[in-house]
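Structure record follows, encoded as structure tokens.
Throughout, a chain's letter reflects where its sequence line sits, starting with A, and its residues are numbered from 1.
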Amino acid sequence: MLDPRRLRQDFSAIKQRLQYRGEDISELDRFPEVDEKRRAIIQEAEALKKKRNEVSQQISVLKREKKDADHLIQEMKHVSESIKTLDQELRETENTLQNILLRIPNIPHESVPIGESEEDNVLHKTWGDIPEFGFEPKPHWELGAALGLLDFEAAGKVAGSRFVFHKGLGAKLERALINFMLDLHTSEHGYVEMLPPYLVHEDSMTGTGQLPKFAEDVFKIEDSHLFLIPTAEVPVTNYHREEILEADQLPLAYAAYSSCFRSEAGAAGRDTRGLIRQHQFNKVELVRFVKPEESYEQLEQLTSQAEKVLQLLNLPYRVMSMCTADLGFAAAKKYDLEVWLPSSQTYREISSCSNFEDFQARRANIRFRRDKKSKPEFVHTLNGSGLAIGRTVAAILENYQQADGRIRLPEVLRPYMQGKEYVE
RNA sequence: GGAGAGGUGUCCGAGUUGGCCGAAGGAGCACGAUUGGAAAUCGUGUAGACGGGGUAACUCGUCUCGAGGGUUCGAAUCCCUCUCUCUCCGCCA
């Protein structure tokens, strides 16, 4: 959520920056009027309340002195009626205002390239050598099926499309990656490990920005107010909701493994094969709570920590700086890490690292105090995948495939795979 | 799932015949005094949100005693709904 005061003051400048996102922001135009109306009602209602408080005092005094207060009471009945009407009106106006504000995306940071589509994302960095095969590299779903690691057929029977069974060494590989990533981030990068709830209520989903605008992208549990988390970002960011942190606690850094659930509405026909786009997948997520002045530096750091995973796995990747059109609703700036997939000769997103500035913190009311006497300020929140496990499996299968169909294992994973060098 | 108890400021904790309660008292914390220094002691201070005014320090007002409604001239105190915590029973991993 944007700061309403800032929006009021710099309306046209902010509007212009938001337009670079290229999405419909017509909601925004209603803001000045509703905001103005809200403040007018507040002033009127508060003046009446002041009067009510004063007269109530007088009544109280009169009553104590056993004097007659009927004329004042009669007068106040009308005042009270007016207050009630105004309060009702205020509630409606604030609701409207809130609905507008909750649907306005974050302002792109000045360093974000302006663009009209994902075509305009800017290449930031490339790492690693694209592997040469003396044969036609196979897609990971064929490799996985042939080696008995992945069973999409059975998953289709049991749960439908966009699900998978990881089986045997495939399941072990999934688990190995989770452990490897968590170990790396907790012991090398200073993160506190977290295993969060997979179901959260509506306030949490609103806090990180999934609701109200993107309800169709998530699974809601019938007959309850709970939603399946689309990412551990949701529970972990909301871990500190409604809190005022101490400055010396910052930065806070959490590494959370969770399954993630996405309805993938609107993705019909896209990435229907393989592990790329599933209703349920595993991910290790990095979440940071930082001081505002540090957040961009921390974004670089967070991104490099996610990159470290790819480097240790020796998977070729590139880093893209997302342009204004491809930022995502809540982000002020975002880098995507894209891993090389030989079968399709493309880079595919495997991690997304974002700085949300105070956008989520304002929604979830997460603040900190610089020192005892200072006013609470909103923290900045950041997160990044470190990494998506399913897509990492896909990348390993494809990049490490051998002519004979075996998969060589990256060295860092071998301790997690009973020392095996190959999956065969 | 059934029965009961309870949610008050940073924490503990008073406050149920509605008015003088934004809230006693204590602890903690901050600042000051005292001290060679510390402890102890004494004094002062110690929430947030929103709106108005001011360049600002600041100031005025409204609201907040789990959340949201309601009754009333007036609610921490009465009523309703929801929510969370605890205890017992049931059920389960």
Would you measure the distance from the [atom1] atom in [N] across to the matching atom in [M] and give it in whole Å?
| N | M | atom1 | value |
| --- | --- | --- | --- |
| B:rG22 | B:rU62 | C1' | 13 Å |
| B:rG43 | B:rG51 | C1' | 36 Å |
| B:rU55 | B:rA67 | P | 37 Å |
| B:rC73 | B:rC11 | P | 36 Å |
| B:rC82 | B:rG25 | C1' | 33 Å |
| B:rC78 | B:rU16 | P | 9 Å |
| B:rG2 | B:rA24 | P | 40 Å |
| B:rG7 | B:rC65 | C1' | 10 Å |

Item to complete: Assess A:Arg408 against A:Tyr400: is NZ or CZ under 6.0 Å from the centre of the six-membered ring, and within 45 degrees of the ring's axis?
Response: no
Searching all strands shown, indicate the nucleotide that pairs with [N] (Watson-Crick or G-U wobble; both distances under 3.5 Å).
| N | answer |
| --- | --- |
| B:rA38 | none |
| B:rA56 | none |
| B:rC92 | none |
| B:rU64 | B:rA47 |
| B:rG22 | none |
| B:rU10 | B:rA27 |
| B:rA5 | B:rU85 |
| B:rU72 | none |

Worksheet item: NA contact type, A:Arg8, heavy-atom cut-off 4.0 Å: base, sugar-phosphate, or nothing?
Response: sugar-phosphate
Worksheet item: How would you label the contact of A:Leu72 with the nucleic acid (heavy atoms, under 4.0 Å): base, sugar-phosphate, or nothing?
Response: nothing
Item to complete: Take A:Ala45 and A:Ile244, find for each the nucleotide of RNA chain B with the closest heavy atom, and name the residue whose nucleotide sits nearer the 5' end.
Response: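 Looking at RNA chain B, the more 5' nearest nucleotide goes with A:Ile244.
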Worksheet item: Considering heavy-atom distances to RNA chain B, does A:His225 or A:Ser60 have its closest nucleotide positioned more toward the 5' end?
Response: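 So the residue in question is A:Ser60.
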List the residues meeting salt bridge (charged side-chain N to carboxylate O under 4.0 Å, His left out) with [X], not counting sequence neighbours, and say none if there are none.
| X | result |
| --- | --- |
| A:Arg362 | A:Asp3, A:Asp358 |
| A:Glu188 | none |
| A:Glu264 | A:Arg277 |

Item to complete: Considering only heavy atoms of chain A and a distance under 4.0 Å, specify the first and last nucleotide of RNA chain B in 5' to 3' order that meet this criterion.
Response: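 Nucleotide range in contact with chain A: B:rG19 to B:rG74.
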Name every donor-acceptor pair, under 3.5 Å, that has one atom in a side chain of residues 26-34 of chain A and the other anywhere in the protein, sequence neighbours excluded.
| from | atom 1 | to | atom 2 | distance (Å) |
| --- | --- | --- | --- | --- |
| A:Ser26 | OG | A:Asp24 | OD1 | 2.9 |
| A:Ser26 | OG | A:Asp24 | OD2 | 3.4 |
| A:Asp29 | OD1 | A:Lys15 | NZ | 2.8 |

Review item, side-chain donor-acceptor pairs of residues 303-310 of chain A, under 3.5 Å, at least two apart:
| from | atom 1 | to | atom 2 | distance (Å) |
| --- | --- | --- | --- | --- |
| A:Thr303 | OG1 | A:Leu299 | O | 2.7 |
| A:Ser304 | OG | A:Gln301 | O | 2.7 |
| A:Gln305 | OE1 | A:Tyr191 | OH | 2.5 |
| A:Glu307 | OE1 | A:Lys125 | NZ | 2.5 |
| A:Glu307 | OE1 | A:Tyr317 | OH | 2.6 |

Fill in: Results of ring-ring contact (aromatic ring centres under 6.0 Å, His included) for A:Phe281 - residues two or more places apart only
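By the ring-ring contact (aromatic ring centres under 6.0 Å, His included) rule, A:Phe281 matches no residue at all.
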Listed pairs under 3.5 Å, donor-acceptor, residues 110-117 of chain A side chains, sequence neighbours left out:
| from | atom 1 | to | atom 2 | distance (Å) |
| --- | --- | --- | --- | --- |
| A:Ser111 | OG | A:His109 | ND1 | 2.7 |
| A:Ser111 | OG | A:Lys333 | NZ | 2.8 |
| A:Ser117 | OG | A:Glu119 | N | 3.1 |

Worksheet item: Parallel, tilted or perpendicular: which fits the ring planes of A:Phe219 and A:His279, with parallel below 30° and perpendicular above 60°?
Response: perpendicular
Fill in: A:Arg391 side chain reached by A:Glu349 side chain, heavy atoms, under 4.5 Å
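A:Glu349 reaches A:Arg391 side chain to side chain.
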Practice prompt. Kindly state which residues belonging to residues 77-96 of chain A come within less than 4.0 angstrom of RNA chain B, counting heavy atoms of the residue only, listed by number.
Written response: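 A:Lys77, A:Ser80, A:Lys84, A:Arg91 - these, ordered by number, are the residues of the stretch whose heavy atoms sit under 4.0 Å from the strand.
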